[in-house]
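A quick write-up on the structure given underneath.
Both ligands and their constituent atoms are indexed starting at 1 by order of listing.
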Amino acid sequence: MNLMDQTFQQLKEQHRTALIPFLTVGDPNVDTTVEIIKELEQAGADILELGVPYSDPLADGPVIQRASERALKSQITIRTCMETAAKAREAGVKMPFVLFTYYNPVLQTGLDVFFDELLKHDISGMIIPDLPIEEAEEMRRRAEAAGVHLVPLVAPTSNARIERIVSGARGFIYCVSSLGVTGERASFFEGVEQFIETVKSLTDIPVAVGFGISSREQVAHFSRICDGVVVGSAIVRQVEEAIPLLENPETHQAGLLQIRNFVAQLKG
Ligand SMILES: O=P(O)(O)OC[C@@H](O)[C@@H](O)c1c[nH]c2ccccc12
């Protein structure tokens, strides 16, 4: 039972759904990222996906691609992301962190160092969307040994694979609401609710949904059937739009407030 499990447990007792923002670390810089993390928690975020920027984010739409490009101007590594998590903790942020990274940065870091760093930096979970299935077993074993949950993604087209992906999973199941890449959407995969109910029927651990969710109405809709709702691109876009304010000391606080207000209104 780690901090993420405790958080889901508390939310379940309160009949609430976790709001899980995704943020690209280092966009526009690490110090501002720490400030934004504090604002997100103040705005009502319950769990945070900390995104490791990557040069080839194949599952990401333009908004997160641009955020990665901005962040990579200042050499952000997996270690930087974990240090950012530690800085947010020092700044008083209490919510659990889920490290989001493509597999290549993990390989670059080396598995031994990667898992040692996870242990040191109070990371509760990780999402690796392009983790090759043949590596998943070892990663899950090492994750368990480190007390970190390897959160699996299931897509509406996973069909027969859903059971295998879900069985033995820890942390939460990440249901991808739509096919394609990340990015705000007006509609989702036809029958996404049935897909989520199917996943829920196959697991006892929390089930969250993500991809395309960007409005209070969409958050409310999925909160009725999920334990968590992930919002990424819509928040990353708010960061992008706030950069001119954030870069100017006179309007820096106004920029942070703009991001905070957007996230606060998602919870209604
Ligand atoms: O950006 P969206 O459409 O709100 O989707 C969440 C997404 O940002 C986050 O969970 C994520 C960022 N990059 C990913 C790549 C694959 C799966 C998930 C992700």
Next item on the list: Considering the heavy atoms of Ala59, write down every atom of ligand 1 situated less than 4.0 Å from one of them.
Entry: 15 (C), 16 (C)
Next item on the list: Examine Phe22 against ligand 1 and note whether any of their N/O atoms are separated by less than 3.5 Å.
Entry: no
Checklist line | Salt bridge Glu90-Lys87, side-chain N to carboxylate O under 4.0 Å | finding: no
Margin query: Assess, by modelled atom type and distance only, whether the side chains of Gln6 and Asn2 contain a donor and an acceptor separated by less than 3.5 Å.
Written below: no
Next item on the list: Could you check atom 9 (C) of ligand 1 against the protein and tell me its nearest heavy-atom contact, residue, atom and distance included?
Entry: Glu49 OE1, 3.4 Å
Next item on the list: Examine the proximity of ligand 1 to Pro129 and report which part, side chain or backbone, both or neither, has a heavy atom under 4.0 Å away.
Entry: side chain
Margin query: If we ignore hydrogens and angles and just use 3.5 Å, is the side chain of Arg170 paired with the main-chain N or O of Gly168 as donor and acceptor?
Written below: yes
Note to self: Side chains of Met139 and Leu111, heavy atoms from C-beta outward: is any pair under 4.5 Å?
What the structure shows: yes
Check: Is Ala234 in contact with ligand 1, taking contact as a heavy-atom separation below 4.0 Å?
Finding: no
Note to self: Is there a side-chain hydrogen bond (donor to acceptor under 3.5 Å, both in side chains) between Ser201 and Thr198? Walk through the geometry before answering.
What the structure shows: CA-CA 5 Å; Ser201 72; Thr198 299; 5.4 Å; no
Note to self: Closer than 4.0 Å to some heavy atom of Val230 - which atoms of ligand 1 meet that?
What the structure shows: 6 (C), 10 (O)
Check: For atom 8 (O) of ligand 1, which protein heavy atom lies nearest, and how many Å away is it?
Finding: Ile64 CD1, 3.2 Å
Notebook entry, point to check: Short N/O distance, under 3.5 Å, between Asp60 and ligand 1?
Noted result: yes
Next item on the list: With heavy atoms of Gly183 as the reference, note each atom of ligand 1 found under 4.0 Å away.
Entry: 1 (O), 2 (P), 3 (O)
Note to self: Regarding Glu193 and His221, do their side chains bring together a donor and an acceptor under 3.5 Å, going by distance alone?
What the structure shows: yes
Next item on the list: Starting from atom 4 (O) of ligand 1, find the nearest protein heavy-atom neighbour and note its residue, name and distance.
Entry: Gly232 N, 2.8 Å
Next item on the list: Each residue besides Ile64 in its hydrophobic cluster should be listed here, by chain and number; the cluster joins Ile, Leu, Val, Met, Phe, Trp and Tyr at side-chain heavy-atom distances under 4.5 Å.
Entry: Met4, Phe8, Ile20, Phe22, Ile47, Tyr54, Leu58, Val63, Val98, Phe100, Tyr102, Ile127, Val151, Leu153, Phe172, Tyr174, Val176, Phe211, Val230, Val236
Next item on the list: Determine, using heavy atoms of Gly212 and all atoms of ligand 1, whether some pair is separated by less than 4.0 Å.
Entry: yes
Check: Among protein heavy atoms, which lies nearest atom 7 (C) of ligand 1, and at what distance?
Finding: Thr182 CG2, 3.7 Å
Item checked: Option set Phe211, Tyr174, Phe100, Tyr54, criterion heavy-atom distance to atom 15 (C) of ligand 1, minimum -> Phe100
Checklist line | Within reach of ligand 1, part of Val63 (heavy-atom separation under 4.0 Å) | finding: neither
Margin query: I need the minimum non-hydrogen distance between Ser223 and Val229, along with the two atoms involved.
Written below: OG-CG2, 3.7 Å
Notebook entry, point to check: Among protein heavy atoms, which lies nearest atom 1 (O) of ligand 1, and at what distance?
Noted result: Ser233 OG, 2.5 Å
Check: Of the non-hydrogen atoms in Ala85 and Leu50, which two are nearest, and what is the gap between them?
Finding: CB-CD1, 3.7 Å
Next item on the list: Would you mind checking if Asp46 and Lys267 are paired as a salt bridge, meaning a charged N to carboxylate O distance below 4.0 Å?
Entry: yes
